[in-house]
Amino acid sequence: MKERITGSEALMRSLVAEGVTTIFGYPGGAIMPVYDALFDYTRGERKSFEHILVRHEQAAAHAAEGYARVSGRVGVCLVTSGPGATNTLTGVADAMMDSTPIVVIAGQVGVTALGTDAFQEVDLVGVSQPISKWSYQIRRPEDVAWAVSRAFFIARSGRPGPVVLDFLKNAQTGTTEWEPKHVDFIRSYVPSPKVDEECVRQAAELINNAKKPLALVGQGVELGNAQAELLEFLEKGDIPAGRTMLGLSAMPSDHSLNVGMLGMHGNYAPNIKEQECDVLIAIGMRFSDRVTGRTDTYARQAKVIHLDIDKSEINKNVIADIPVVGDCKATLPAITRLLRKNCHKEWRDSFLPLQEKEMEKVVEPAIHPKEGPLLMGEVVNAVAEATKGEAVLVTDVGQNQLFSCRYFKFKKHRSIVSSGGLGTMGYGLPAAIGATFGTPNRTVCCFMGDGGMQMVLEELGTIMEQQSPVKMILLNNNYLGNVRQWQDMFWQRRKSFTRMLNPKYSLIAQAYGIGYRAVVERKDLKDAIREMLDTEGPFLLECAILEDDDVLPITPPGMSVDEMMLEV
């Protein structure tokens, strides 16, 4: 006779079967039976999980994202019904936009109370379906094992993404005969499409005959663990490569074929050369508007090869001459086998004058200013030099994000955690907490502006309790900096409600028992960074930044990538 257990116990056993070790969560009434079962799985002989009590449910979702991004595993968060569940939805939408595998498990009222507007009832499946890969309501305890296995399979397979499980209270407390489930096939769901060999052949032929090939490397390379395959492909074809923001650590920053970051605030050379190349090879990227600028003028001269696991991305924003649908772990080597060993020295050398121009007009003044207040670029550069490309970069959203992505350096894979598609302010701090659990042996540096920091100050409580060793670098310019820059550039300097009144962060750090140092003078910067990195546990480094420091270069909205401005 099979053992009878509660649905809550079935959830615990199912999570153990999926290899879950870390859960980010916040308890409440509708999820209390699960938390009661969880109690026995966080201590004693049955200890299987580490539960991280966040201070807000949105932070649970972002922490799960940060964990997933650096570890390559599925992040898990556990919350109650109603506002607990809806608070996670920004994180769900963020994970959907950035292809981050997380599973959100939320409590729900019992089946007899559904549709009665019961206390803390909300139609979670209805509101989460458009922003998740799969959303499902568990109504019976006998469905728990199947639903959890299916959720993890969907979240991690193919193009990863978020899954939401709405767990009714009667399903948590009711009993069922325990039977483990393993889902690895779903009819009509094809996570890794079969590679079309003819498209591979056509792509290789086009690349072999190209005079000015340019690769665009996206996060899909990281998600597919195809970093080695990427380098083999680029090196055999001698193809220069630009990287999207979320693809920055897919190849080492100092690789000879790396020509910089793409996009609105990326590097000058790859943006200009996108309009000159004859073959454009997009690898695991979605042609975001922040990369392409005006699509009607984007790379019109080039033949486009688009490698992506998600067929829906093909021809969505930019028409592909040759689509190569499939996992880039498989499609890249398939093309590489057909490539001739090539040399494009003249084409690669043509990037150098553009790089030198940007270095002279933008980079050197940003990272090595001779006078005046501190600049964001120099702070990021100083931290990058001190960590020698070994650290994980986590960013919030805004100028701090753009400066960080431009000037940080990467040697290791899965080293950038940032909100790309949704641009979620307040993302950085909880995502950094999650990253410290996803890769506990690496230094995690989180760059934030004063706006994003004030959105999630409560998570300093999580850091205090867990002693999560986040190195927080607060770039404080007393403004919502990115909006202020746009107001200055495009709205006649009408700074409408972008100036920020800041608290005394020194007292806040002291209240939470977190190491703190403020830097105002340039001469103190390196010593303060060294103190931060040498301090065990969390540390807050507050840097007083020039108030009107601008991110450059910039491709103004509505303009073509080759209209990028190096100065304003």
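Positions are given from 1, in the same order as the sequence printed here.
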Inset, instruction - Walk me through it: do Val34 and Ile105 pass the test side chain to side chain contact (heavy atoms under 4.5 Å, CB included)? - result: CA-CA 10 Å; Val34 169; Ile105 303 165; 5.9 Å; no
Legend entry - Trace of the side-chain hydrogen bond (donor to acceptor under 3.5 Å, both in side chains) decision for Ser312 with Asp310: CA-CA 5 Å; Ser312 70; Asp310 185 353; 2.8 Å; yes
Legend entry - Step-by-step side chain to side chain contact (heavy atoms under 4.5 Å, CB included) determination, Asp143 to Tyr136: CA-CA 11 Å; Asp143 295 333; Tyr136 180 76; 4.1 Å; yes
Inset, instruction - Begin from the C-alpha positions of Lys329 and Asp327 and carry the test salt bridge (charged side-chain N to carboxylate O under 4.0 Å, His left out) through to its verdict. - result: CA-CA 5 Å; Lys329 184 95 173 162; Asp327 190 335; over 6 Å; no
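More than 12 heavy atoms of other residues, nucleotides or ligands sit less than 6.0 Å from atom NZ of Lys316. Taking a 6.0 Å sphere around NZ of Lys194, one finds it holds 12 or fewer heavy atoms contributed by other residues, nucleotides or ligands. Residue Phe539 places its CZ atom among more than 12 non-hydrogen atoms of other residues, nucleotides or ligands, all under 6.0 Å distant. Asp117 CG: 12 or fewer foreign heavy atoms inside a 6.0 Å radius. With a 6.0 Å radius and a threshold of 12 heavy atoms from other residues, nucleotides or ligands, Glu142 has its CD atom above the threshold.
Taking the six-membered ring for Trp and the full ring otherwise, Trp134 and Phe153 have centroids separated by 6.0 Å or more. The distance between the ring centers of Tyr41 and His51 does not fall below 6.0 angstrom.
Thr395 approaches Ser404 most closely through the heavy-atom pair CG2-CB, 3.9 Å. Here the closest heavy-atom approach between residue Ala61 and residue Ile102 is recorded as O-CD1, 4.3 Å. When every heavy atom of Phe287 is checked against every heavy atom of Leu216, the shortest pair comes out as CE2-CD1, 3.9 Å.
With rounding to the nearest 0.5 angstrom, the CG atom of Leu540 is 12.5 Å from the OH atom of Tyr512. Rounding to the nearest 0.5 Å gives a distance of 8.5 Å between CG of Asn482 and CD of Gln401. To the nearest 0.5 angstrom, Ile463 atom CD1 is 8.0 Å from Cys446 atom SG.
For the pair Phe447/Gln399, no side-chain contact is recorded, criterion being any heavy-atom separation below 4.5 Å from C-beta on. His306 has its side chain out of reach of Val324: every pair of non-hydrogen atoms, C-beta onward, lies at least 4.5 Å apart. Side-chain contact between Val221 and Glu229 is absent, with no heavy-atom pair separated by less than 4.5 Å. Leu475 is not listed as a side-chain neighbour of Met448, based on a closest heavy-atom distance of 4.5 Å or more. Contact of the Ile31 side chain with the Gln172 side chain is registered, since non-hydrogen atoms from C-beta on lie closer than 4.5 Å. In this structure, the side chains of Phe437 and Phe24 come closer than 4.5 Å at one or more pairs of heavy atoms.
Taking Arg55 as the reference, Glu465 meet the side chain to side chain donor-acceptor pair (under 3.5 Å) condition, with sequence neighbours excluded. Taking Glu121 as the reference, Gln108, Val109, Leu114, Thr116, Ala118 meet the side chain to side chain contact (heavy atoms under 4.5 Å, CB included) condition, with sequence neighbours excluded. Tyr427 meets the ring-ring contact (aromatic ring centres under 6.0 Å, His included) test with His62; sequence neighbours excluded.
In this structure a side-chain-to-backbone donor-acceptor pair under 3.5 Å is present from Asp396 to Gly428. For Asp196 (side chain) and Glu198 (main-chain N/O), a donor-acceptor pair under 3.5 Å exists by modelled atom type. Distance alone, capped at 3.5 Å, is enough to place a donor-acceptor pair between the Glu459 side chain and the His56 backbone. At least one donor-acceptor pair closer than 3.5 Å links the side chain of Asp98 to the backbone N or O of Gly420. Proximity of a side-chain donor or acceptor of Arg414 to a complementary backbone N or O of Ser71 within less than 3.5 Å is not detected.
A donor atom on one side chain and an acceptor atom on the other are not found under 3.5 Å apart for Thr336 and Glu232. In this structure, a donor-acceptor pair under 3.5 Å is present between the side chains of Thr424 and Asp94. Checked by atom type, the side-chain pair Ser157/Tyr189 shows a donor-acceptor distance below 3.5 Å. Between Thr6 and Glu9, the side chains place no donor N or O within less than 3.5 Å of an acceptor N or O (distance only, hydrogens not considered). At a cut-off of 3.5 Å, with distance as the only test, a side-chain donor of Ser415 or Arg442 sits close to an acceptor on the other residue.
For the pairing with Arg13, the salt bridge (Lys or Arg N to Asp or Glu O under 4.0 Å) check across Glu3, Glu18, Glu179 returns one residue only, Glu3.
Figure legend: cation-pi geometry between Arg43 and Phe39, with NZ or CZ positioned under 6.0 Å from the six-membered ring centre and within 45° of its axis.
Using a 4.0 Å cut-off between a side-chain N of Lys or Arg and a carboxylate O of Asp or Glu, Arg69 and Glu222 do not qualify as a salt bridge.
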